[in-house]
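These notes are about the structure you will find just below.
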There are 2 protein chains.
Amino acid sequence: MTTIRDVAKEAGVSVATVSRVLNETGYVHEDTRKKVQNAIQILNYSPNEVARSLYKRESRLIGLLLPDITNPFFPLLARGIEDEIHRQGFRVIFGNSDEDLQKEMDYISTFIQNNVVGIISATNNPDNSNYQNLEIPVVFLDRTSNNYPSVYADGKIGGRIAAEEIIQRGSRNITLLKGPTHVRPAQERFQGSLQALSESDVDFQVINTSSFSFEEAKKWSKELFQKYPDTDGVIASNDIVATAVLHEALRIGKKIPDDVQIIGFDDIPQSSLLFPALSTIKQPAYDMGMEAAMLLTKLVRKQHVEIKTIKMDVTFMERQTTRKVKAHG
Amino acid sequence: MTTIRDVAKEAGVSVATVSRVLNETGYVHEDTRKKVQNAIQILNYSPNEVARSLYKRESRLIGLLLPDITNPFFPLLARGIEDEIHRQGFRVIFGNSDEDLQKEMDYISTFIQNNVVGIISATNNPDNSNYQNLEIPVVFLDRTSNNYPSVYADGKIGGRIAAEEIIQRGSRNITLLKGPTHVRPAQERFQGSLQALSESDVDFQVINTSSFSFEEAKKWSKELFQKYPDTDGVIASNDIVATAVLHEALRIGKKIPDDVQIIGFDDIPQSSLLFPALSTIKQPAYDMGMEAAMLLTKLVRKQHVEIKTIKMDVTFMERQTTRKVKAHG
DNA sequence: TTGAAAGCGCTACCAA
DNA sequence: TTGGTAGCGCTTTCAA
């Protein structure tokens, strides 16, 4: 391992001078700079981040806490974050929390122990004490509170759009899947749909679904078509659940979208790969990650930020589980 | 920020003693230990990993380099790694390389700068100089060479199984998709299939596919059924490509699996969610990640490891894009 | 424009 | 069984 000392010796200057050229701080004569840079080259030196971090009491690391990277909504988010963070010269320490508060706490404390300069967390518990007395900025992502810097998609509007689109495309007897009570954005979508539905003149019913697991969703799907055989439109709590509904509908011989229309939520990558491809409300996951990273790095750099709560637009992705809108006239 | 000094003062002992109880090294009287632990409690102290890392010249971090976490094969891998690494008390710094050597080099050097104790890398270039003179253990994952510690699935056998299964299930005119030349495991599968096919008495043809992109795969799928309309079996280079083939087959009105059987490779989570669900050769991604993490931590701890090259078994996942085997007799 | 030296928080040696 | 202290590699004052 080659240190700043070695470079100083090689260049015939003091470590202070080497540090100056490394950090481009203070005065250093052009000739000296060249000597130092030359020595750095020769020795193939790169500074030890750990020593730097110890002295400055801050690293170039940020902590990223996601519920579960195998949930297909998160890879794009993570990628958006990592790309932007990387662009800004930071690196990410990553952990899966499984929405477990104890695990969250563990990770946060190791983040702190490693001098991370900021944290991005997709948690259901932004108000938990885990996050209270941190001396570093935290940005909440997706599952979010309004009291802290956060980036999230507009679930209320998303839910509303889903309902409006499915009605406009002809469903008259709609089943709405509620989604897990403890997942805030799921509840917002649900409320959005519910409201639109209640303002309309279609029949509808609600099925309470308590997780996003595909296996469980299969059961609810069976239940759905047994209990409400006249359903001609389903608004699912997310794309995984929508996929299960689609399977079940196909299995029992329903024509999609002629007999039943289905709308999901999220637009995870596989939704467009289904057959028929799933119509859904898209959350711009990659961009959300990028925005969160940009917000965090601004906060880290103590730059002034006008808006600490970024609400992202959602869009209806028209694919093959919904019918075409009839042209007017 | 509370330091070891504060704890020492609070407990009325020296920092050396505090360090001893922290690390459970050397002698320390039971009463003293209690005093110290009490002080730690009171001050809610947790040691600074950075200072520790600086002194010991090693952190509790490992570096993880994946081509792209949004490629659906990798989240499960990543999760397997992270779970095991976490269990062993380490954390992971994560980066996407996009299979770009420059980016790989960047990440590796920041890993080193942060004193990581080991690296897990899924790279096409394990023999690249990036990895040569590292003083820390590296485990290669998935895309791998035999000269270094590595964990990979048996592509040769996988390819063979795919061919054998599709033949056994009745395909007589098989199209084999080759997969990107620069991706080693893809070529091994291809070779495995090719060999089995050439030893059999079925007709077959090869289409050269140069990436795993879904969009490109759509084009090849069109080409496939135009050029070889009599194809009654397709062995795809991975599940993404198989999905594209499935779409195209369905689109032009083929019955699956009656007219055409399709077999993929990987068993990414969405494959079982397709309709019809995709038959494929499964790579045990989660377990591969776990094995890689276990291998790495052993190497890090300088434990003796018999086998540094772990070949994982692949299995045929029979789903709905292949026919049932007829019972004998 | 440069160098000497203190100190970031911790571990481990040596002496008591 | 405990404490003093050097030193990990770096940055930053202060003095020259």
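Everything numeric in this text was worked out from a predicted model, so none of it was measured. Below, chains carry the letters A, B, ... as their sequence lines are ordered, and counting in each starts from 1.
With a cutoff of under 4.0 Å to any heavy atom of chain A, the contacted region of DNA chain D is bounded 5' to 3' by D:dG9 to D:dT13.
Residue-environment remark: NZ (A:Lys308) stays at or below the threshold of 12 foreign heavy atoms within 6.0 Å. Within a 6.0 Å sphere centred on NZ of B:Lys9, heavy atoms belonging to other residues, nucleotides or ligands number 12 at most. By the neighbour-count criterion of 12 heavy atoms within 6.0 Å, atom NZ of A:Lys311 is sparsely surrounded, having that number or fewer from other residues, nucleotides or ligands. Sparse packing is recorded around CZ of A:Arg5, with 12 or fewer heavy atoms of other residues, nucleotides or ligands lying under 6.0 Å away. Counting non-hydrogen atoms of other residues, nucleotides and ligands closer than 6.0 Å to CG of B:Asp31 gives a total above 12. Taking a 6.0 Å sphere around CG of B:Asp313, one finds it holds 12 or fewer heavy atoms contributed by other residues, nucleotides or ligands.
At whole-Å resolution of the value, CD1 in A:Ile4 and P in C:dA5 are 16 Å apart. Atom P of nucleotide C:dA4 and atom CZ of A:Arg5 are separated by 11 Å, given to the nearest angstrom. Nucleotide C:dC8 holds its P atom 20 Å from the CG atom of A:Asn114, rounded to whole Å.
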(request) In sequence, state the C-alpha distance, the side-chain angles, and the governing distance for B:Val50 and B:Ser53, and then conclude on side chain to side chain contact (heavy atoms under 4.5 Å, CB included). (result) CA-CA 5 Å; B:Val50 175; B:Ser53 167; 5.5 Å; no
(request) Please test B:Asp127 against B:Tyr148 for side chain to side chain contact (heavy atoms under 4.5 Å, CB included), starting from the C-alpha separation and ending with a verdict. (result) CA-CA 9 Å; B:Asp127 301 303; B:Tyr148 302 98; 3.5 Å; yes
(message) Does A:Val92 form a side chain to side chain contact (heavy atoms under 4.5 Å, CB included) with A:Ile120? I'd like the steps, not just the answer.
(response) CA-CA 10 Å; A:Val92 358; A:Ile120 297 180; over 6 Å; no
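Between the side chain of B:Asp266 and the main chain of B:Ile268, no donor-acceptor pair closer than 3.5 Å is present. Formation of a donor-acceptor pair under 3.5 Å by the A:Asn125 side chain with backbone atoms of A:Asn128 is not found in this model.
Under the 4.0 Å criterion applied to side-chain N and carboxylate O atoms, B:Asp83 and B:Arg79 are assigned as salt-bridge partners.
Nucleic acid contact class of A:Thr17 (heavy atoms, under 4.0 Å, all strands): sugar-phosphate only.
Using a 4.0 Å cutoff on non-hydrogen atoms, the parts of residues 52-62 of chain B near DNA chain D are B:Leu54, B:Tyr55, B:Arg57, ordered by number. Contacts between residues 26-35 of chain A and DNA chain D, defined by a heavy-atom separation below 4.0 Å, involve no residue at all. DNA chain D is contacted by A:Tyr45, A:Pro47, A:Asn48 of residues 43-50 of chain A, taking any non-hydrogen atom closer than 4.0 Å.
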N/O donor-acceptor pairs under 3.5 Å from side chains in residues 56-65 of chain B, not counting sequence neighbours:
from	atom 1	to	atom 2	distance (Å)
B:Ser59	OG	B:Leu61	N	3.0
B:Ser59	OG	B:Asn115	O	2.7

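Heavy-atom nearest nucleotides on DNA chain C were determined for B:Ser19 and for A:Gly12, and the one closer to the 5' end corresponds to A:Gly12. With DNA chain D read from its 5' end, the first of the two nearest nucleotides for B:Arg20 and A:Arg20 is the one closest to B:Arg20.
Here the two rings, on B:Tyr131 and B:Phe140, have centers that are under 6.0 Å apart.
When side chains are defined from C-beta on, A:Val138 does not count as touching A:Ile108, because their heavy atoms never get closer than 4.5 Å.
Across the helix from C:dT1-D:dA16 to C:dA16-D:dT1, the helix axis at one end is tilted relative to the axis at the other end by 40° (nearest 10 degrees, each axis from five pairs).
Remark: B:Arg91 is positioned above the aromatic ring of A:Tyr107, its terminal NZ or CZ atom under 6.0 angstrom from the ring centre and at most 45 degrees off the axis.
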